[in-house]
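Structure first, commentary second.
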Protein chains: 2
Amino acid sequence: MLSKKTQYAFHALIHLAENVDKGPILISEIAQEKNISIKFLENILLELKNAGILGSKKGKGGGYYLMRPPKEIALAKIIRLLDGPIALLPCVSLNYYERCENCRDEAVCGLNEVMSKVRDATLKLLETKTLKDILTRNA
Amino acid sequence: MLSKKTQYAFHALIHLAENVDKGPILISEIAQEKNISIKFLENILLELKNAGILGSKKGKGGGYYLMRPPKEIALAKIIRLLDGPIALLPCVSLNYYERCENCRDEAVCGLNEVMSKVRDATLKLLETKTLKDILTRNA
DNA sequence: ATAAATCCTATAAAAAAGATAGACTATTAT
DNA sequence: ATAATAGTCTATCTTTTTTATAGGATTTAT
């Protein structure tokens with residue numbers, strides 16, 4: 001399961017995407033709208049900003065905004081940033097690979113093979129689906 | 001990522017499957033063969049036994065053995081038993097569903113829709129692939 | 001009877017997740 | 001200039017989960 005942190009990030013990004021035309025959006029507005037602790041959300045948005053996904057403006061009229069159009073922000077990027085590996089096992093992770101310590105040889109390990117397939121099936125969706133694809137329908 | 005518990009369980013089950021013809025297998029043998037703490041493994045095998053996946057025999061000549069042929073033990077079952085939900089979000093979990101507290105209406109939530117697809121793609125593999133499919137190749 | 005092995009429950013230790021606090025900096029309005 | 005606004009940064013705290021260990025109870029083969 002995705003952590004609360006990543007779940008909150010998605011909901012915050014959805015709110016930002018659904019209000020792109022309204023200029024910078026307040027943390028407090030997102031927090032209230034999405035039922036998220038404001039201080040926790042603050043940290044999350046900052047992390048997204050430091051990763052170049054969000055921009056911000058300080059002072060009156062300030063807030064956060066998307067740095068790119070929603071259709072260019074892949075879901076996989078957000079998950080990897082906040083949650084780490086998407087794969088189910090370290091030995092099949094593309095971005096956070098670690099050797100398997102319980103099997104003799106990954107090259108002939110059937111578990112490795114199946115979990116690679118699971119990873120591929122998952123990434124096929126998460127790398128192609130973007131923020132645009134998770135906006136509220138009929139809104 | 002799967003927990004160590006689930007990862008260990010898979011490796012233990014692989015060892016049991018690869019030695020079905022040898023009668024009950026000792027916990028200590030599996031622990032040594034797979035580099036797993038024997039006491040931790042003990043708890044895991046017990047849980048698998050209580051779930052009906054393994055059988056056991058006490059005393060001399062005892063040990064653990066599979067209750068069904070490897071091809072009838074789906075990977076999804078093991079994961080759900082030891083790790084819980086396979087889905088990335090509570091609101092798209094088939095077996096551990098919980099309402100989303102950050103969105104207004106799951107029926108029109110795009111995140112819900114995409115994550116349902118991820119779940120389906122994952123389950124298509126994990127429900128059909130079995131212990132038989134993760135055995136060491138060329139062994 | 002004895003030794004071998006699993007069964008069972010409790011607890012401890014470590015790590016991760018979730019949440020909060022508060023002082024600091026930049027921007028804007030007046 | 002000044003005050004108010006709003007994000008920045010870092011530290012800490014609490015809770016939960018994960019990982020691991022301990023030790024006595026029970027069952028079985030010989």
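Just so it is clear: chains get the letters A, B, ... in the order the sequence lines come, proteins before strands, and each one is counted from 1. FYI, side chains are in, hydrogens and waters are out, and symmetry mates aren't considered; it's all heavy atoms of this structure.
The CD-P distance, from A:Glu42 to C:dC24, rounds to 16 Å in whole Å. Whole-Å rounding puts the A:Tyr65 OH to D:dG7 P distance at 12 Å. Atom C1' of nucleotide D:dC13 and atom CZ of A:Phe40 are separated by 13 Å, given to the nearest angstrom. When rounded to the nearest whole Å, the span between CE of A:Met1 and C1' of D:dT17 equals 13 Å. Distance NZ (B:Lys58) to C1' (D:dG24): 12 Å, rounded to an integer number of Å. The CG-C1' distance, from B:Leu46 to D:dA25, rounds to 13 Å in whole Å. We find that CD of B:Glu47 is positioned 11 Å from P of D:dT18, with the value rounded to whole Å. With rounding to whole Å, B:Gln7 atom CD is found 13 Å from D:dT18 atom P.
For B:Lys4, the listed nucleotide lying nearest its side chain is D:dT19; candidates were D:dC9, D:dA6, D:dT19. Relative to the side chain of A:Asn43, the nucleotides D:dA11, C:dT6, D:dG7 differ in distance, and D:dA11 lies closest. Checked against D:dG7, C:dA29, C:dT6, the side chain of A:Lys60 finds its nearest nucleotide in C:dA29.
A sub-4.0 Å separation between OP1 or OP2 of C:dA16 and a side-chain N or O of A:Ser3 is absent. For D:dA6, neither phosphate oxygen OP1 nor OP2 lies less than 4.0 angstrom from any side-chain nitrogen or oxygen of A:Lys57. For the pair A:Tyr8 and C:dG18, the criterion of a side-chain N or O lying under 4.0 Å from OP1 or OP2 is not met.
The CG atom of A:Leu45 sits 6.0 Å away from the CG atom of A:Leu48 when rounded to the nearest 0.5 Å. Atom OH in B:Tyr65 sits 16.0 Å away from atom CG in B:Asn19 (nearest 0.5 Å).
More than 12 heavy atoms of other residues, nucleotides or ligands shown are found within 6.0 angstrom of CD on B:Glu127. Under a cut-off of 6.0 angstrom, the local environment of CE in B:Met67 is sparse, with at most 12 non-hydrogen atoms contributed by other residues, nucleotides or ligands.
Side-chain N or O atoms of A:Glu18 include one that pairs as donor or acceptor with a backbone N or O of A:Thr136 at under 3.5 Å. The backbone N or O of A:Val92 sits less than 3.5 Å from a side-chain atom of A:Arg119, completing a donor-acceptor pair. Formation of a donor-acceptor pair under 3.5 Å by the A:Asp133 side chain with backbone atoms of A:Thr130 is found in this model.
If you run side-chain hydrogen bond (donor to acceptor under 3.5 Å, both in side chains) between A:His15 and each of A:Glu29, A:Lys34, A:Glu33, only A:Glu29 comes through.
Along DNA chain D, the nucleotide nearest A:Ser56 and the nucleotide nearest B:Gly61 are compared for position; the residue whose nucleotide lies closer to the 5' end is A:Ser56. The residue among A:Gly59 and A:Leu41 whose nearest nucleotide of DNA chain C is located toward the 5' end is A:Leu41.
Heavy-atom distances under 4.0 Å link DNA chain D to A:Ile25, A:Leu26, A:Ile27 of residues 23-39 of chain A, given in residue order. Listed by residue number, the members of residues 75-102 of chain A with any heavy atom below 4.0 angstrom from DNA chain D form an empty set.
Residue pairs meeting the ring pair (Phe, Tyr, Trp, His ring centres under 6.0 Å) criterion with at least one partner in residues 37-56 of chain A, sequence neighbours excluded, are A:Tyr8-A:Phe40.
The hydrophobic cluster containing A:Leu54 also contains A:Leu46, counting ILVMFWY residues as joined when their side-chain heavy atoms lie under 4.5 angstrom apart, directly or transitively.
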